[in-house]
Amino acid sequence: MTTEGGGSTSSPSRTLLDTPTWALATVCFIFIFLGIFIEHLIHLLCHWLKKHRKTALFEAVEKLKSVLMQLGFLSLLLAVIQRPISKICIPNRIANSMLPCHQRELTSLENSKDHCGSRGMTSFMSQNGINQLNNFIFVLAMMQIVYSVVTMALGRAKMKRWKTWEKESQTIEYMAANDPNRFRFTRETTFGRRHMNKFTTTSTHLWIKCFFRQFFHSVAKVDYLTLRHGFISAHLSSNNAFNFQKYINRSLEDDFKVVVGISPFMWLLVVIFLLVDVHGWNVYLWVSFLPLITVLVIGTKLETIVAQMAFQLETQQDNDVIIGSPTVQPNDNLFWFNQPQFVLTLLYYTLFINAFELAFFIWVTWQFGIKSCYHENVEIIVIRVVLAVTVQVLCSYITLPLYALVTQMGSHFKRGLLEEHIMQAIKQWHVQVKNKKKKLQQEKEAGAKLSTNNRVTTDQLPEIEFSSHNRVPTVTEFSAHEIHEISQEHEVVSPCPS
């Protein structure tokens with residue numbers, strides 16, 4: 001718009017009152033169509049997971065839907081309160097402290113248009129700033145989901161070779177090589193030669209060796225087969241036909257539903273990171289090293305656990321002689337705080353911090369341009385981006401496969417050990433026993449006997465002798481009966497929520 005004096009001023013933004021109806025209807029149609037289309041895709045994915053009994057992945061999709069709903073609520077809340085917040089005025093001295101960039105002087109025209117500027121003060125946060133914050137929250141949440149999905153996908157792609165190793169464990173050649181009547185010294189086994197040598201005499205040497213080993217053959221075939229044998233011996237007696245590779249995949253699916261979301265503590269970390277983003281502090285540069293250090297320490301620790309299990313073989317035998325295959329003993333004491341799941345927690349927050357780094361870079365570049373004050377030091381930006389990509393590669397191809405294998409060596413097995421139909425049968429058995437106990441309690445309190453027709457019978461349970469203490473049947477007992485017939489008879493496939 002040109003003034004009479006020849007000067008020019010910026011034209012005011014057009015409201016819906018000045019917008020053609022065809023433009024309004026077109027934009028509205030596109031947004032509604034995209035929303036319905038995405039919702040339908042999620043519905044189809046949910047239905048497919050239910051049909052193929054991917055319960056853990058189905059729960060992960062449900063958690064993803066809750067994250068999207070949370071984002072929608074945050075976006076709506078910011079849109080509603082942006083005007084009242086922009087009218088909160090604070091003194092200029094406070095407003096000019098802890099800025100992410102050099103202080104920029106506002107023109108007189110900008111000050112005159114601002115509600116607080118006309119009063120000689122500064123707005124607590126402008127409407128434009130709230131819109132930019134809304135965009136950042138959306139980019140961060142999407143990047144966390146994408147990072148989690150990509151990490152799991154790449155990690156499982158690398159673990160496909162384990163399927164070949166699993167098939168090899170069922171061959172006659174493997175059984176002959178691991179003859180239970182064969183005698184060998186511990187250090188002469190392939191597993192012993194890999195982990196027990198002169199470079200592992202002290203704890204320092206062991207950690208140094210394991211640090212470099214994670215970059216070269218982090219998971220060897222001998223490690224996989226030995227840990228598989230130890231797991232089966234500890235939890236499944238001598239069931240050599242057990243598919244250890246499928247069990248690991250089911251366990252990863254259970255873990256995936258944990259890392260796909262954003263916890264309240266993560267949102268608190270976001271607030272802290274935004275608070276310390278002060279010009280000259282370069283906090284984000286130092287924060288970008290945290291994921292790299294954490295991933296390397298986790299990888300070294302997991303390699304160390306495998307080596308420690310190899311050394312324990314010598315203490316298990318009186319004369320350093322092994323009969324048959326080396327049998328490692330799973331134990332929670334090998335892990336930090338005796339908690340194998342603590343490794344998953346560290347990976348969870350490592351992925352989030354790394355996603356924050358990349359999300360912040362994408363948001364700043366998109367919102368303010370490549371030449372903004374955030375990109376004053378090109379060297380720092382390059383380092384941060386390179387570190388983010390490096391952590392992604394290390395976590396996908398090294399740390400995640402190590403985590404998937406080594407964390408199975410805890411004292412307890414995960415729920416992924418049980419097939420879906422066995423889980424359903426156990427749940428059904430638990431409900432029936434609970435109902436029976438409740439009715440017997442009511443009978444005792446009332447002092448009257450219930451008719452046998454109203455009692456919960458156990459005719460539908462497998463013909464397994466339970467003790468008077470109603471113990472839970474073991475996996476071997478359930479596997480020895482036709483559990484799948486029970487689960488199919490009582491299974492009710494519920495429609496996928498839309």
Side-chain angles (χ1 to χ4, degrees), residues 67 70-71 73-106 114 116-117 121-145 147 261-294 345-346 348-370 372-377 379-381 383-385 387-388 391:
V67 171
Q70 185 183 45
L71 288 178
F73 178 76
L74 289 176
S75 179
L76 176 63
L77 187 62
L78 287 174
V80 171
I81 66 175
Q82 63 177 352
R83 185 178 294 272
I85 291 180
S86 64
K87 290 186 178 181
I88 300 177
C89 302
I90 59 177
N92 294 330
R93 177 179 57 83
I94 299 178
N96 293 329
S97 61
M98 297 183 68
L99 296 176
C101 294
H102 285 297
Q103 182 178 350
R104 183 177 64 92
E105 295 293 337
L106 298 177
D114 186 75
C116 296
M121 304 179 73
T122 303
S123 175
F124 184 76
M125 192 170 186
S126 65
Q127 295 187 39
N128 189 31
I130 295 177
N131 288 331
Q132 293 170 351
L133 176 62
N134 191 6
N135 294 336
F136 170 70
I137 293 176
F138 176 79
V139 173
L140 174 61
M142 290 298 101
M143 189 57 60
Q144 165 67 8
I145 294 173
Y147 247 67
I262 300 179
S263 65
F265 184 73
M266 286 183 172
W267 288 116
L268 177 61
L269 286 179
V270 172
V271 174
I272 295 176
F273 288 158
L274 294 178
L275 174 65
V276 298
D277 181 28
V278 181
H279 183 268
W281 290 11
N282 294 326
V283 174
Y284 287 173
L285 173 62
W286 309 116
V287 169
S288 61
F289 284 94
L290 288 179
L292 178 63
I293 295 174
T294 305
T345 304
L346 289 179
Y348 183 24
Y349 286 98
T350 299
L351 286 175
F352 176 75
I353 296 176
N354 205 41
F356 176 87
E357 281 290 313
L358 195 57
F360 192 84
F361 171 77
I362 294 175
W363 171 70
V364 166
T365 306
W366 167 40
Q367 198 75 61
F368 306 104
I370 194 65
S372 66
C373 64
Y374 282 102
H375 298 327
E376 287 179 347
N377 298 322
E379 298 82 1
I380 294 179
I381 299 301
I383 292 175
R384 290 172 58 187
V385 173
L387 287 176
V391 170

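The basis for the numbers below is simple: all heavy atoms, side chains too, and nothing from hydrogens, waters or symmetry mates. Numbers for residues simply follow the sequence, beginning at 1. Values in this document were obtained by computation on a predicted structure and should not be read as measured data.
Counting heavy atoms from C-beta outward, Phe368 and Cys373 have side chains that stay 4.5 Å or more apart. Annotation: side chain of Thr294 is not in contact with side chain of Tyr349 (no heavy-atom distance under 4.5 Å). Between Leu387 and Glu357, the closest side-chain pair of non-hydrogen atoms is not below 4.5 Å. Counting heavy atoms from C-beta on, the side chains of Met142 and Ile145 come closer than 4.5 Å. Using a 4.5 Å cut-off on side-chain heavy atoms (C-beta onward), Met125 and Ser86 make no contact. Counting heavy atoms from C-beta on, the side chains of Ile362 and Leu358 come closer than 4.5 Å.
Shown here are the ring-ring contact (aromatic ring centres under 6.0 Å, His included) partners of Phe289, two or more places apart in sequence or in another chain: there are none. Here His375 pairs with Phe361, Val364, Thr365, Ile370, Ser372, Ile381 under the side chain to side chain contact (heavy atoms under 4.5 Å, CB included) rule; sequence neighbours left out. In terms of the side-chain hydrogen bond (donor to acceptor under 3.5 Å, both in side chains) criterion, residue partners of Ser75 (sequence neighbours excluded) are, by chain and number, Asn134. Residues that satisfy the ring-ring contact (aromatic ring centres under 6.0 Å, His included) test with Tyr348, not counting sequence neighbours, are absent from this structure.
Here Ser123 contributes atom OG and Ile130 contributes atom CD1; the two are 7.5 Å apart, rounded to the nearest 0.5 Å. Taken to the nearest 0.5 Å, the CH2 atom of Trp286 stands 12.5 Å off from the CZ atom of Arg384.
Scanning both residues, Met121 and Pro91, for their nearest heavy atoms gives CE-N, 3.7 Å. Asn354 approaches Ala388 most closely through the heavy-atom pair ND2-O, 3.0 Å. Across Ala359 and Leu140, no two heavy atoms sit closer than the pair CB-CA, 3.8 Å. Pairing each heavy atom of Ala95 with each of Ile90, the nearest pair is CB-CD1, 3.8 Å.
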Which atom pairs, donor and acceptor, lie under 3.5 Å between side-chain atoms of residues 264-280 and protein residues at least two apart or in another chain?
{"unit_1": "His279", "atom_1": "NE2", "unit_2": "Glu376", "atom_2": "OE1", "d": "3.3"}

Can you give the donor-acceptor pairs under 3.5 Å from side chains of residues 77-84 to other protein atoms, not counting sequence neighbours?
none

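In this structure, Phe124 places its CZ atom where only 12 or fewer heavy-atom neighbours from other residues, nucleotides or ligands lie under 6.0 Å away.
The backbone N or O of Gln132 lies less than 3.5 Å from a partner atom in the side chain of Trp363, making a donor-acceptor pair.
With Val391 as the partner, the side-chain contact (heavy atoms from CB on, under 4.5 Å) test is satisfied by one option alone out of Ile353, Ile293, Leu290, Leu292: Leu292.
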### Task
Would you check, one step at a time, whether the test ring-ring contact (aromatic ring centres under 6.0 Å, His included) holds for Phe356 with Tyr284?
CA-CA 10 Å; Phe356 176 87; Tyr284 287 173; 5.6 Å; yes
